[in-house]
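For ligands, and for the atoms within them, numbers begin at 1 and follow the listed sequence. The first residue in the sequence is number 1, and the count goes up from there.
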Amino acid sequence: MADHTYDYDVLVIGAGPGGYVAAIRAAQLGLKTACVESRETLGGTCLNVGCIPSKALLHGSELFDEAAGGHFATWGITAKPTLDLGVMMAEKTKAVGELTGGIEFLFKKNKVTWIKGHAAFEDAHSVNVGGKVVTAKDIVIATGSSVTPLPGVEIDNAAKRIVDSTGALTLEEVPEHLVVIGGGVIGLELGSVWRRLGAKVTVVEFLDQLLPGMDKDVRKEAGKIFKKQGMELMLSHKVTGAKANAKGVSLTVEKSAGGDEQTIKASHVLVSIGRRPNTDGLALDKIGIETNKHGQIEIGHDFRTKVDSVWAIGDVVPGPMLAHKAEDEGIACAEYIDGLTGIVNHDVIPGVVYTMPEFADVGMTETAAKEAGYTVKVGKFPMMANSRAKANRDTDGFVKVVADAETDRVLGVHIVASLAGTMIAEAAVAMEFGATSEDIAYTCHAHPTHAEALKEAAMAVTGKPIHM
Ligand code: FAD
Ligand code: NAI
C-alpha cells in the first residue's frame, strides 16, 4: 500500500546489479519505487565498465588467440588472423549498449522511475539530487565500488598509458608491453585479453601467489598456467612508483619485503590492486552512519543499516565484490522492506575468473575449512583424465571437492577447467541442498561432459574414482 507521506515507498541509490535488481523487485512487490543513478546509463559498474565489457573482450580475444596459434593449429586448421581492434571494441560497446538499454526497458516495464543525478542524504527519508529533494519511506544504498588507487602511480585513463580497468577496456592499440599491477581477478582477466591480442604482459603481484582468496592448489595451478601462456610473473614484488610520458612508462619495482629495486620500461600499465566502496559524496554523516575500517557500510542480516529506514547492499557492504551477490542481496533486501523474509546464503556464493581455463570456486577452501575446525576429506580429479576435455584437447586443470570427514557434507568445490564457470553452478546447487560428496558421486552425469570431472572428484573423496 503506497504511503503518501513520501514521494516513493522505496528509493534506491545506484543502478548497478544490486540497485537495479532491488528496484525491480520492490516494484514487482507493488511498492512505488525510484532509482537514482549518476551515470548516463543504467547497469552500474558491471554492465558499463565491468563484467560485460570484460567478458566481451575475453570472448573476442579468445577467438583471435585460438585462430592465431591455439586450437585451430591443433586441429589442422591454418589461419592467419589479422586484428581490427576497432571492430572488436565496437562489438563490445554494442553488447554493453544492448544490456544497459535492457535495464531501461525493465525499469519502464516494472514502473520504476529513473532519477538521473547524484544522490546525497538530507535525512533518513530524503536525498538531494541536483538541488531537488526526493523523499522515500525506505532508502537503499547500492552505490557500489571503484578502483583502489596506488600511491605513486597516477591513473590517467584519458592519456591511456597508466590505466585502471575502465581504461584497459578502451585502449586504442594493443600494448607492446603491458605491466599489470596486481595478480587478482581483474589483472588476470584483462592481462589475458591483451596477451591474446599480442601484448607482452608482466604481472607484478605483492603476494607469493596469484588469486588471493582462492584455494591453495588453485593458486599454484594459476601460476603454472599463466606462465605457460607466456605471462611474465613477478610474484612477491611491488611497484613503488611509475612515471608516464607520451611514449611509455617507467616503473620502479622492488621485492615485497623491500630491497632489490629495479626499473621496468613498459608501453602501458594496468593498476588492478582491488576496489573500494563508494560512499564519498553520500553525506552519510547527515544520517549518523559511519563506515568500517574497510570503508564499507555495516548491515544486519536483513541488509538494514543502523538507521531503520536505510538499507545497503552490494559492493558497498561487506562480502565479495561480485555482481550476482549484489543481485541476490537486492532481491532479498526489497523483500525485507516489504515485510517478507529475503534469503541470501553467503556461504554459497560462487566466484569465477573468466580466463582460459576458467577458475571457479564455491564454499570454503581446504585451508579455511581446517581453520574453521573441520576435519576434511579432499577428492581431486584432473581434467587430463576427463574424456570430453581429452577429446577437445583442453586438459588444463582439475576439480577439487572439500568435504567434512565426519558427515561427508560438501564444504567447498574448486575447479580449474575451460568450463569451470558453468560447472560451478552444479556444485552451488548441491551445496545449497546440503549435499554430501556421495550425493554428487551417485548423481548420473551425461557422458562425455566436463561435468563428469565433478562427479569423479566427489567419488575421489571416499577414494573410488573410476577413471584415475
Ligand atoms: P555498481 O555496479 O558499482 O553500481 C553502483 C552504481 O551506483 C554505479 O553505477 C554508480 O554510478 C552509482 N552511484 C554511486 N554513488 C551514487 C550516488 N551518490 N548517486 C547516484 N548514483 C550513484 N563481478 C562478477 O560477478 N562477475 C564478473 O565477471 C565481474 N567482472 C568485473 C570486471 C571488472 C573490470 C570490474 C571492475 C568489476 C567486475 N565485477 C564482476 C564486479 C561487479 O562489477 C561488481 O561486484 C558489481 O557491479 C557490484 O554491483 P553494485 O550494484 O553493488 O555496484
Ligand atoms: P583483487 O583483490 O582480485 O586483486 C588485487 C591483487 O593486487 C591482489 O592479488 C593483491 O595481493 C595485489 N596487490 C595489492 N596491492 C599491490 C601492490 N601494491 N603491488 C602489487 N600487487 C598488489 O582485485 P582486482 O583484481 O582489482 O578486482 C577487484 C574486485 O573486482 C575483485 O574483488 C572482484 O571481486 C571483482 N571482479 C570480479 C570479477 C569476476 O568475478 N570475474 C572480474 C573482475 C573483478
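- Using a 4.0 Å heavy-atom cutoff, P320 is absent from the residues neighbouring ligand 2.
- Of all protein heavy atoms, the one closest to atom 11 (O) of ligand 2 is E205 OE2, 2.6 Å.
- Residue contacts with ligand 1 include R275, since one or more of its heavy atoms lies under 4.0 Å from the ligand.
- Set against the non-hydrogen atoms of V49, the atoms of ligand 1 under 4.0 Å away are 34 (C).
- The atoms of ligand 1 that sit less than 4.0 Å from any heavy atom of V36 are 20 (C), 21 (N).
- Each of the atoms 2 (O), 43 (O), 47 (O) of ligand 1 lies under 4.0 Å from some heavy atom of C46.
- On a distance-only criterion, Y354 and ligand 2 share no N/O pair closer than 3.5 Å.
- For atom 13 (N) of ligand 2, the closest non-hydrogen atom on the protein side is I273 CG2, 3.9 Å.
- Within the structure, ligand 1 lacks L190 among the residues with a heavy atom less than 4.0 angstrom away.
- Atom 12 (C) of ligand 1 has as its closest protein heavy atom E37 OE1, 3.3 Å.
- At a heavy-atom distance under 4.0 Å, only backbone atoms of V204 (N, CA, C or O) approach ligand 2.
- Considering backbone and side-chain N/O atoms, L322 never comes within less than 3.5 Å of an N/O atom of ligand 2.
- Near S38, meaning under 4.0 Å from any of its heavy atoms, are these atoms of ligand 1: 11 (O), 13 (N), 20 (C), 21 (N), 22 (C).
- Each of the atoms 32 (C) of ligand 1 lies under 4.0 Å from some heavy atom of S54.
- In terms of protein heavy-atom proximity, atom 1 (P) of ligand 2 is closest to G184 CA, 4.1 Å.
- In this structure, atom 29 (C) of ligand 2 lies nearest to the protein heavy atom R275 CD, 3.8 Å.
- Distances from ligand 2 to the non-hydrogen atoms of G274 include at least one value under 4.0 Å.
- Atom 35 (C) of ligand 2 has M321 O, 3.4 Å as its closest protein atom, hydrogens excluded (heavy atom only).
- Per-atom contact check: atom 8 (C) of ligand 2 touches the protein, criterion being a heavy-atom distance below 4.0 Å.
- Distance from atom 18 (N) of ligand 2 to its nearest protein heavy atom, with residue and atom name: L150 CD1, 3.6 Å.
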Given side-chain contact (heavy atoms from CB on, under 4.5 Å), test L47 with L42 step by step and report yes or no.
CA-CA 8 Å; L47 271 62; L42 301 172; over 6 Å; no

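- Of all protein heavy atoms, the one closest to atom 41 (N) of ligand 2 is V352 O, 2.7 Å.
- Looking at atom 3 (O) of ligand 2, its nearest protein heavy atom turns out to be V185 N, 3.2 Å.
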